[in-house]
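One structure below.
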Amino acid sequence: LGLNAMRHSMKLQEQGKLKKPIRLAMENLFPEHYGSHPDELIELVHGTQERMATLLEQQGLSEKEAWKKAQTHITSTLDTGHINMWRKYWTGDPKKSLAENDKEFNNWMLDNVKKMAKAGIIGHVHLDDNYGYHDDHLAPGEGNTPIREMIKILKKEGYDGELIVEPGADYTT
């Protein structure tokens, strides 16, 4: 798919119609699915990029050029609500207050957003909120996901892509 995205992007560029490269963007879905954990997502994206780069090198591209194309066309989508759903599996310290445990979980989550940003895998961001148990798709600020802090981390780490607000529940509720 990454190769197909690259080829389609090249075709659009030749026609003068390319606004930005087409990307394959794996999304961090629900905690119950492989690839949702930040470490797994980084591994999947980097592994897929490596495979694409190898294929491009076999077709005659330099290693540097192959890597650049792979990193351009294979990324991930960070969904803020989905990463917050790891909250339901968080085992807090029974000696700490609920607020202290919530802060500890938020720190874990924010550290992992930073880790993904530093790994250079984030190519797209969905902003939606929840309370950590269901994919409620609340508007940012209506749940307990530290979205503002996530955006600050992304910007600090150089993310300059779109921030797509996904408040799906607003339509039905």
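FYI, side chains are in, hydrogens and waters are out, and symmetry mates aren't considered; it's all heavy atoms of this structure.
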CD/E149 to CG/L154 distance, rounded to the nearest 0.5 angstrom? 11.5 Å
Quick one: do Y89 and E32 satisfy side chain to side chain donor-acceptor pair (under 3.5 Å)? Show the steps, please. CA-CA 10 Å; Y89 297 109; E32 297 80 14; 2.5 Å; yes
Using atom types as modelled and distance alone, determine if a side-chain donor or acceptor of R23 lies under 3.5 Å from a backbone N or O of A5. no
Donor-acceptor check, side chain of H46 to backbone of A119, threshold 3.5 angstrom: yes or no? yes
How long is the gap from NZ on K152 to NZ on K114, to the nearest 0.5 Å? 14.0 Å
Answer yes or no: are there more than 12 heavy-atom neighbours, outside K88 itself, under 6.0 Å from its atom NZ? yes
Is there a donor-acceptor pair closer than 3.5 Å between any side-chain N or O of N130 and the backbone N or O of D136? no
Say whether, by atom type as modelled, one donor and one acceptor occur between the side chain of D128 and the main chain of L138 under 3.5 angstrom. no
With heavy-atom distances below 4.5 Å as the criterion, would you say the side chains of K115 and D39 are in contact? yes
Using the rule given for side chain to side chain contact (heavy atoms under 4.5 Å, CB included), can you reason through T145 versus M150, listing the C-alpha separation, both sets of side-chain angles and the distance that settles it, and then say yes or no? CA-CA 9 Å; T145 310; M150 288 180 182; 3.7 Å; yes
Is it the case that the side chain of Q49 and the backbone of W67 share a donor-acceptor pair, with hydrogens and angles ignored and the cut-off at 3.5 Å? no
Would you call K155-D160 a salt bridge at under 4.0 Å N-O? no
Closest heavy-atom contact between E157 and A117? CB-CB, 3.7 Å
Find out if a path of hydrophobic residues (ILVMFWY) with successive side-chain heavy-atom gaps under 4.5 Å connects I42 to V45. yes
For T75 and A25, indicate whether the former's side chain and the latter's backbone hold a donor-acceptor pair under 3.5 Å. no
Student check: side-chain heavy atoms of M26 and L41 closer than 4.5 Å: yes
Minimum heavy-atom separation for A53 to A66, with atom names? O-CB, 3.5 Å
When rounded to the nearest 0.5 angstrom, what distance separates CG in D102 from NZ in K96? 12.0 Å
Run the salt-bridge test on E162 and K20 with the 4.0 Å N-O cut-off and return the result as yes or no. yes
Any S36 side-chain heavy atom under 4.5 Å of F30 side chain: no
Taken to the nearest 0.5 Å, the spacing of S9 OG from I22 CD1 works out to 4.0 Å
Could you tell me the separation between the CG atom of N28 and the CD atom of E40, rounded to the nearest 0.5 Å? 11.0 Å
If we only count heavy atoms from C-beta on, is the M116 to I83 side-chain gap below 4.5 Å? yes
Side-chain donor/acceptor of S76 to backbone N/O of I121, under 3.5 Å: yes
With the 4.5 Å side-chain cut-off for hydrophobic clustering, are I74 and L1 part of the same group? yes
Nearest atoms (heavy-atom pairs only) where L44 meets G35: CD1-CA, 3.6 Å
Heavy-atom side-chain proximity of L3 to K69 below 4.5 angstrom: no
Go through it in stages, so that I can follow the logic: the residues are H137 and D135, the test is side chain to side chain donor-acceptor pair (under 3.5 Å), and I'd like the CA-CA distance, side-chain angles, deciding distance and then a yes or no. CA-CA 6 Å; H137 276 266; D135 190 26; 3.2 Å; yes
Is the backbone of S97 close enough, under 3.5 Å, to the side chain of E100 for a donor and an acceptor to pair up by distance? yes
Salt bridge or not between E57 and K64? Use side-chain N to carboxylate O under 4.0 Å. no
Is L98 reachable from Y131 through a run of I, L, V, M, F, W or Y residues, each pair having side-chain heavy atoms under 4.5 Å apart? no
Does the side chain of L56 reach to within under 4.5 Å of the side chain of M6, using non-hydrogen atoms? yes
Yes or no on side chain to side chain donor-acceptor pair (under 3.5 Å) for N84 and N144, after CA distance, side-chain angles and deciding distance? CA-CA 8 Å; N84 192 49; N144 63 5; 3.0 Å; yes
Tell me, do L127 and V125 make a side-chain contact under 4.5 Å, heavy atoms counted? yes
Is the number of heavy atoms from other residues, nucleotides or ligands within 6.0 Å of CD (E63) greater than 12? no
So, does D129 use its side chain to make a donor-acceptor pair with the main chain of G143 at under 3.5 Å? yes
Between M109 and W90, is there a shared hydrophobic cluster once you connect ILVMFWY residues whose side-chain heavy atoms come closer than 4.5 Å? yes
Would you sort out whether R7 and K11 count as a side chain to side chain contact (heavy atoms under 4.5 Å, CB included), showing the intermediate values? CA-CA 6 Å; R7 289 181 184 125; K11 185 177 179 181; over 6 Å; no
Is there a side chain to side chain contact (heavy atoms under 4.5 Å, CB included) between L12 and K19? Walk through the geometry before answering. CA-CA 9 Å; L12 289 171; K19 294 183 182 180; over 6 Å; no
I164, CD1: over 12 other non-hydrogen atoms inside 6.0 angstrom: yes
Flag side-chain contact, heavy atom, 4.5 Å: L29 against D79: no
What is the minimum heavy-atom distance between M85 and H134, and which atoms define it? SD-C, 3.9 Å
Correct closest heavy-atom pair for G2 and H73 would be O-CB, 3.8 Å
According to the interplanar angle, ranging from 0 to 90°, do the rings of W86 and H37 count as parallel (below 30°), tilted (30 to 60°) or perpendicular (above 60°)? perpendicular
Decide whether W108 and I153 are clustered together by the hydrophobic rule: side chain heavy atoms of Ile, Leu, Val, Met, Phe, Trp, Tyr closer than 4.5 Å, transitively. yes
Between H126 (side chain only) and T80 (backbone N and O only), is there a donor and an acceptor less than 3.5 Å apart? no
